[in-house]
Amino acid sequence: AQSVTQLDSQVPVFEEAPVELRCNYSSSVSVYLFWYVQYPNQGLQLLLKYLSGSTLVKGINGFEAEFNKSQTSFHLRKPSVHISDTAEYFCAVRGGNTDKLIFGTGTRLQVFP
Amino acid sequence: DAMVIQNPRYQVTQFGKPVTLSCSQTLNHNVMYWYQQKSSQAPKLLFHYYDKDFNNEADTPDNFQSRRPNTSFCFLDIRSPGLGDAAMYLCATSRGRGAAEAFFGQGTRLTVV
């Protein structure tokens, strides 16, 4: 079975500062990894996904993530955040042979002016 | 154009009164998911369909049922809602297993009074 751990429940940061949201996964099979963003009272929107190939994945809104197989991590980064990035961010995993998409507990990114 | 549509966006129901939430998709995806998300928590998978094959999570209460009459539509039935069932219910679709990303609807916020 697959699982995902997001180590930080909240990350406060000032506008224009860099940010990293951490995600670690566990799986006995090959996995596909995703980052989703959720704004208040909205559904989830895909930021980026890792399928295979290059370990550095670029997504929307200036976000990127790096897949590290040896550390079983898929951390999300942005070099300079904006107020509008304030939201809940979820890391998710799906095993290569399943339909199930499993989410981490989420990280609340709060950007201050 | 909305691709995964959930109706209604907000639903108020009485304690113990059956309620149905609906989801439709225009993507012709094989997989449809129902997630329950309580305040400040991760989306929790209740069940999913791969075409007509129904997959129930082991910890999904019997109070929750689902129907998928065709590819486009999926329903979540709560037979006797309790106060603890108040949550955001998210519907998502996916093209298939493995690498396919999930597309989410806007969610239905269920209040039980």
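By convention in this document, chain letters (A, B, ...) are assigned in the order of the sequence lines, proteins followed by strands, and residues within each chain are numbered from 1.
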Problem - B/Glu101 side, atom CD; A/Leu47 side, atom CG - distance, nearest 0.5 Å - result: 11.0 Å
Exercise for the section: Kindly work out whether a path of hydrophobic side-chain contacts (I/L/V/M/F/W/Y, heavy atoms less than 4.5 Å apart) joins A/Leu46 to A/Leu51. Expected result: yes
Practice task
Tell me whether A/Leu76 is reachable from A/Val57 by hopping between hydrophobic residues (I, L, V, M, F, W, Y) whose side-chain heavy atoms are closer than 4.5 Å.
Solution key: yes
Practice task
Answer yes if B/Met88 and B/Phe64 sit in the same cluster of Ile, Leu, Val, Met, Phe, Trp and Tyr residues linked by side chain heavy atoms under 4.5 Å apart, and no otherwise.
Solution key: no
Problem - Contact class of B/Gln106 relative to chain A, heavy atoms under 4.5 angstrom - result: both
Problem - Cluster link A/Val81 to A/Ile60, ILVMFWY, side chain under 4.5 Å - result: yes
Problem - More than 12 heavy atoms of other groups within 6.0 Å of B/Asn70 CG - result: yes
Completion exercise
Ordered numerically, the heavy-atom neighbours of chain B under 4.5 Å found in residues 100-109 of chain A are A/Lys100, A/Leu101, A/Phe103, A/Gly104, A/Thr105
Fill in the blank from the handout: Interface check, chain A: of B/Ala92, B/Cys91, B/Ala102, most non-hydrogen pairs under 4.5 Å belong to B/Ala102
Completion exercise
Those residues of residues 35-44 of chain A that come under 4.5 Å of chain B on a heavy-atom basis, listed by number, are A/Tyr36, A/Gln38, A/Asn41, A/Gln42, A/Gly43, A/Leu44
Problem - Joint cluster assignment, A/Ile83 & A/Phe63, ILVMFWY side-chain distance < 4.5 Å - result: yes
Handout entry: Side chain, backbone, both or neither of B/Gln6 within contact of chain A (heavy atoms, under 4.5 Å)
Key = neither
